[in-house]
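In what follows, every heavy atom counts, from backbone to side chain, and hydrogens, waters and symmetry copies are set aside. Remember, predicted model here, so these are calculated numbers, not experimental data.
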Amino acid sequence: MKTYFSYFRTIGFFLMVFFLCGTTQADNQPQKRGAITGGIEHSMPDWFKESFLDIQNDVKEASDSKKHVMLFFHLNECPYCDKMLKESFSKPPLKDFIQTHFDVIAINTKGDREVAFSKDQSFTEKALSQQLKVQYTPTILFLDGNNNAVARLNGYRSPTKFEHILKYVNDAAYKNTTLEAYLDQHVEKSVYTLRDNPLFKPSSDFSTIKTPLAVIFEDSGCDECANLHDKLLNRDDVQQELKTFTVVRLDARSTTAITDNEGNKTTAKDWATKLGLTYRPGIILFNQGKEVTRIDGLLFSFHFKEVFRYVSGNYYTHFKTYNDYLAERQNELLDKGINIDIAE
């Protein structure tokens, strides 16, 4: 009997050791790193100008041909760049219009090519992008015959909106009016009906708000506002980031009296003009009464919610730019095995 029980005690001991060793081995396995998906390889159209990146010279050549220079700041695998290239630069009628009236020069925001931006200033592509505070890609800068920036787009624009901006520059309307005023006059005014949302809080005095503040400017000409509601504001992860914010939606065409973040009496229309918003929905993020950053182009959910975290977590006080923050944030999530879809 003793031998019988000893036998099973021995078997039990080895089974326990085997189980513990197996568990330890599994627990010690390195965390599988997450992956970034959604990036799209794209190439610049072959009709973009083969520039030596002497921008002053490019501007002179364009001016002699009665054209403007368009600097197209892009990033490898940028889904927004790919979307805009396909929609506006690769098919008529915009492709033909751009080829006729603009010399387009591609600038890679992470590139190392030397750019002679003016007579006295030369930068690498990356340094120039930093100098110009390029936060989103594509960023498009339009230059006149004197090498002055006459319009700037910070992010994707739909073909319909982009067409108006191209005509604004080509017609040199910038000599007489602002891009904001031009778009307000020319954009179709009845493509969208403003929607309510439980996230929105009523407010008419923004100088009294102590929490992080998100002011969303919409109007009836907004062809991207439905996307904001249907694909962003209804997501749980986005709503989680918005919890610490007071979120207010304003009709950018309203003339009802309000008080802005600095205590000035104004209207939503005048405030949007003062802020220089050329995109709807334009979103301004404030903290402690000061503008921290803004969203004035299309963003998919990951980049969208991270902008809010950048502000609410005060990360803007630790990182020089949002892009610096984003690079570290992505690595943090990937190290935890979390996958990131940048085009969702």
Side-chain angles (χ1 to χ4, degrees), residues 39-63 65 67-118 121-145 147-170 174 179 278-279 296-300 303 323 342-343:
I40 302 175
E41 284 286 353
H42 57 268
S43 57
M44 297 300 109
D46 57 13
W47 53 266
F48 274 23
K49 183 173 182 179
E50 285 292 338
S51 169
F52 292 106
L53 300 183
D54 182 340
I55 304 303
Q56 267 204 152
N57 188 57
D58 291 324
V59 163
K60 184 180 183 308
E61 289 181 1
S63 184
S65 300
K67 294 183 176 183
H68 287 80
V69 164
M70 181 195 304
L71 300 182
F72 186 90
F73 289 84
H74 67 102
L75 182 66
N76 295 341
E77 298 193 0
C78 162
Y80 314 100
C81 301
D82 180 74
K83 181 176 175 65
M84 196 163 181
L85 286 169
K86 286 178 178 174
E87 292 179 352
S88 295
F89 290 83
S90 300
K91 60 180 76 169
L94 289 192
K95 174 188 174 183
D96 302 330
F97 187 86
I98 295 169
Q99 283 185 282
T100 301
H101 299 290
F102 296 89
D103 282 343
V104 188
I105 300 169
I107 306 287
N108 190 322
T109 59
K110 298 294 184 181
D112 296 318
R113 295 183 301 167
E114 195 71 17
V115 182
F117 190 60
S118 66
Q121 293 180 306
S122 291
F123 307 90
T124 63
E125 293 172 283
K126 180 179 180 180
L128 176 62
S129 302
Q130 294 171 340
Q131 177 74 14
L132 295 175
K133 294 181 170 54
V134 173
Q135 178 165 294
Y136 304 120
T137 51
T139 287
I140 299 177
L141 198 66
F142 295 92
L143 304 176
D144 67 7
N147 203 22
N148 296 317
V150 295
R152 173 171 171 158
L153 310 182
N154 299 311
Y156 166 88
R157 293 295 187 278
S158 69
T160 301
K161 294 292 171 59
F162 193 43
E163 181 178 10
H164 289 300
I165 295 163
L166 292 171
K167 290 180 178 178
Y168 168 79
V169 176
N170 181 60
Y174 51 80
L179 178 57
T278 62
Y279 178 78
D296 47 1
L298 173 69
L299 290 182
F300 297 125
H303 293 133
N323 288 329
I342 62 173

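Between the His42 side chain and the Ile40 main chain, a donor and an acceptor come within less than 3.5 Å of each other. The backbone N or O of Leu179 lies less than 3.5 Å from a partner atom in the side chain of Tyr168, making a donor-acceptor pair. Proximity of a side-chain donor or acceptor of Asn108 to a complementary backbone N or O of Lys126 within less than 3.5 Å is not detected.
For residues 70-83, the pairs satisfying salt bridge (Lys or Arg N to Asp or Glu O under 4.0 Å) are Asp82-Lys86, Lys83-Glu87, with sequence neighbours left out. Identified under the salt bridge (Lys or Arg N to Asp or Glu O under 4.0 Å) test for residues 96-113, with sequence neighbours left out: Lys67-Asp103, Arg113-Glu125.
Phe73 is linked by a ring-ring contact (aromatic ring centres under 6.0 Å, His included) to nothing, counting only residues two or more places apart in sequence or in another chain.
The minimum heavy-atom distance linking Ala343 with Pro79 is given by the pair CB-CB, 4.0 Å. Heavy-atom minimum distance, Gly145 versus Val59: O-CG1, 3.5 Å.
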### Message
Quick one, His74 with Ile107, criterion side-chain contact (heavy atoms from CB on, under 4.5 Å). Give me CA distance, side-chain angles, the key distance, then yes/no.
### Response
CA-CA 6 Å; His74 67 102; Ile107 306 287; 5.6 Å; no
### Message
Walk me through whether Ser118 and Asn147 qualify under side-chain contact (heavy atoms from CB on, under 4.5 Å).
### Response
CA-CA 8 Å; Ser118 66; Asn147 203 22; 4.2 Å; yes
### Task
Apply the test side-chain contact (heavy atoms from CB on, under 4.5 Å) to residues Val169 and Val150: give CA-CA distance (whole Å), side-chain angles for both, the deciding distance (0.1 Å), then the verdict.
CA-CA 7 Å; Val169 176; Val150 295; 4.3 Å; yes
#### Entry: Chi angles and distances behind the side-chain contact (heavy atoms from CB on, under 4.5 Å) call for Ser90, Lys95
CA-CA 6 Å; Ser90 300; Lys95 174 188 174 183; 5.6 Å; no
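Between Pro45 and Leu85 there is a side-chain heavy-atom pair separated by less than 4.5 Å. A heavy-atom distance below 4.5 Å is found between the side chains of Met70 and Leu166. Between Phe97 and Asn170 there is a side-chain heavy-atom pair separated by less than 4.5 Å. Leu128 has its side chain out of reach of Thr124: every pair of non-hydrogen atoms, C-beta onward, lies at least 4.5 Å apart. Considering only heavy atoms from C-beta on, Trp47 comes within 4.5 Å of Ile98 through its side chain. Side chains of Ile140 and Arg157 form no contact here, defined as non-hydrogen atoms less than 4.5 Å apart. Put simply, the side chain of Leu298 reaches to within 4.5 Å of the side chain of Phe300, judged on heavy atoms. Taking the side chain as every heavy atom from C-beta outward, Thr278 and Asp296 never approach each other to under 4.5 Å.
The distance from the OG atom of Ser88 to the NZ atom of Lys161 is 12.5 Å, given to the nearest 0.5 Å. Distance CZ/Phe102 to OG/Ser65: 13.5 Å, rounded to 0.5 Å. Here CG of Leu53 is found 9.5 Å from CG of Leu71. Values are rounded to the nearest 0.5 Å. With rounding to the nearest 0.5 Å, the separation of CG in Leu75 from OG in Ser129 is 9.0 Å. A distance of 7.5 Å separates CD1 in Ile55 from CG in Leu143, rounded to the nearest 0.5 Å. A distance of 9.5 Å separates CD of Gln130 from OG1 of Thr109, quoted to the nearest 0.5 Å.
Aromatic ring centres of Phe89 and Phe162 lie closer together than 6.0 Å. For Tyr174 and Phe142, the ring centers sit 6.0 Å or farther from each other.
Heavy-atom neighbours of Lys49 NZ from other residues, nucleotides or ligands within 6.0 Å: above the threshold of 12.
Using the six-membered ring where Trp is involved, Phe48 and Phe72 have ring planes that are perpendicular, over 60° apart on the 30 and 60° scheme.
His303 and Tyr136 share no side-chain donor-acceptor pair at under 3.5 Å.
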